[in-house]
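Keep in mind it's a predicted model, so treat the numbers as computed, not measured.
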Amino acid sequence: MIDATLVGSISAAIVSFVVGYTLAKLPPGGKPSSQKDESNNQSASHRSAEKVYADIGGEYKMVLVVRNDLKMGKGKIAAQCGHAAVGAFESAVKKTPAAVNKWQHSGQAKIALKVDSEQAMMEIYRTAKHNNLNCCLIRDAGRTQIEPNTKTVLAIGPAPNLAVDSITGHLKLL
């Protein structure tokens with residue numbers, strides 16, 4: 001039996017290689033010379049991430065990482081996941097529109113996973129950001145079950161399944 005941590009590390013290494021290789025092939029400025037600049041305010045890193053993730057084939061998904069240690073009720077979890085999904089979608093429309101388009105045409109998969117602590121969720125968040133994945137971290141307003149400013153759900157994607165799984169593949173379904 002293969003250790004899940006080892007599989008996750010190998011997957012992360014493969015995705016990092018693919019991202020690095022693709023970015024290395026781009027000229028300075030992060031885009032092919034034949035590509036027109038879509039927006040003056042779009043950063044080079046967003047263009048680079050868009051190029052990388054638009055070129056990866058296969059299916060796309062969004063993952064919702066829920067803190068299980070907070071013992072939120074089902075309705076609270078649903079609301080927090082809704083906030084995260086909408087936030088991630090809005091962000092991705094600006095940062096990686098081609099990835100959003102592929103996700104929309106491959107079923108708009110959303111997978112709910114669980115972590116047992118804020119620390120575990122933040123480690124996943126940092127890794128996803130380091131790999132240029134779109135993320136949305138939700139903090140609760142504190143009006144009902146949870147203390148104000150508590151980090152409840154992390155959305156990652158939409159992005160290629162391979163890229164998301166390299167970071168969250170070791171987590172269990174909610």
Side-chain angles (χ1 to χ4, degrees), residues 1-26 30-32 42-69 77 80-81 83-138 151-174:
M1 184 170 162
I2 299 176
D3 185 316
T5 305
L6 177 62
V7 171
S9 296
I10 291 170
S11 297
I14 291 169
V15 169
S16 294
F17 172 78
V18 169
V19 170
Y21 178 78
T22 304
L23 291 176
K25 291 176 65 177
L26 295 175
K31 63 184 178 205
Q42 187 180 32
S43 73
S45 66
H46 289 160
R47 288 189 304 265
S48 296
E50 173 66 11
K51 173 70 177 142
V52 170
Y53 295 122
D55 286 348
I56 296 176
E59 293 188 9
Y60 284 58
K61 69 180 170 183
M62 180 186 295
V63 167
L64 303 164
V65 181
V66 179
R67 282 190 51 198
N68 203 36
D69 61 311
I77 291 172
Q80 297 296 296
C81 286
H83 293 318
V86 169
F89 175 78
E90 290 176 337
S91 173
V93 164
K94 295 174 188 170
K95 295 178 183 177
T96 58
V100 170
N101 188 45
K102 288 186 177 191
W103 175 66
Q104 287 177 314
H105 290 93
S106 66
Q108 299 181 16
K110 289 170 276 321
I111 313 299
L113 304 172
K114 61 184 174 182
V115 291
D116 290 326
S117 68
E118 178 181 333
Q119 180 181 355
M121 186 169 67
M122 293 309 294
E123 183 177 322
I124 291 165
Y125 176 71
R126 285 188 292 274
T127 304
K129 291 299 257 182
H130 178 75
N131 284 288
N132 291 322
L133 289 173
N134 183 62
C135 296
C136 180
L137 181 63
I138 298 302
K151 297 168 190 158
T152 57
V153 177
L154 167 65
I156 302 173
N161 288 1
L162 177 66
V164 176
D165 289 345
S166 72
I167 296 164
T168 63
H170 66 286
L171 299 177
K172 294 185 178 184
L173 292 172
L174 179 61

Heavy-atom side-chain contact between Leu174 and Leu113 under 4.5 Å: no

Interatomic distance, Gln80 atom CD to Leu64 atom CG [nearest 0.5 angstrom]: 11.5 Å

Non-hydrogen side-chain atoms of Phe89 and Lys110 separated by less than 4.5 Å: no

Glu123 CD: over 12 foreign heavy atoms closer than 6.0 Å: no

4.5 Å side-chain heavy-atom contact, Ile138 and His83: yes

Exam field: side chain His130 to backbone Arg126, donor-acceptor pair closer than 3.5 Å: no

For Ala84 against Cys136, the heavy-atom pair lying closest together: O-CB, 3.9 Å

Test item: Leu137 and Met121 side chains (from C-beta on) under 4.5 Å apart, heavy atoms: yes

Expected output: side-chain Ser166 to main-chain Ala163 donor-acceptor under 3.5 Å: yes

Exam field: side chain Thr168 to backbone Val164, donor-acceptor pair closer than 3.5 Å: yes

Side-chain heavy atoms of Lys129 within contact of Leu133, under 4.5 Å: no

Any side-chain heavy-atom pair of Val66 and Cys81 under 4.5 Å: yes

Which atom of Ala99 lies closest to which atom of Pro158, heavy atoms considered: CB-O, 4.0 Å

Side-chain donor/acceptor of Lys114 to backbone N/O of Ala112, under 3.5 Å: no

Residue pair Lys61 / Asp165, side-chain heavy-atom distance below 4.5 Å: yes

Side chain Asn134, main chain Gly157, donor-acceptor under 3.5 Å: yes

Gap between atom OH of Tyr125 and atom CD1 of Ile167 - 0.5 Å precision: 12.5 Å

Rounded distance (nearest 0.5 Å) linking atom CE of Met62 with atom CD of Gln108: 8.5 Å

Closest approach of Val93 to Val100 (non-hydrogen atoms, all atoms of both residues): N-CG2, 3.8 Å

Flag, side chain of Trp103 to backbone of Ala109, donor-acceptor distance under 3.5 Å: yes

Side-chain donor or acceptor of Ser117 paired with backbone N/O of Ala120 under 3.5 Å: yes

Heavy-atom donor-acceptor pair, Asn101 side chain to Pro97 backbone, under 3.5 Å: no

Arg67 side chain vs Lys151 backbone, donor-acceptor pair below 3.5 Å: yes

Ile124 side chain near Val115 side chain, heavy-atom distance below 4.5 Å: yes

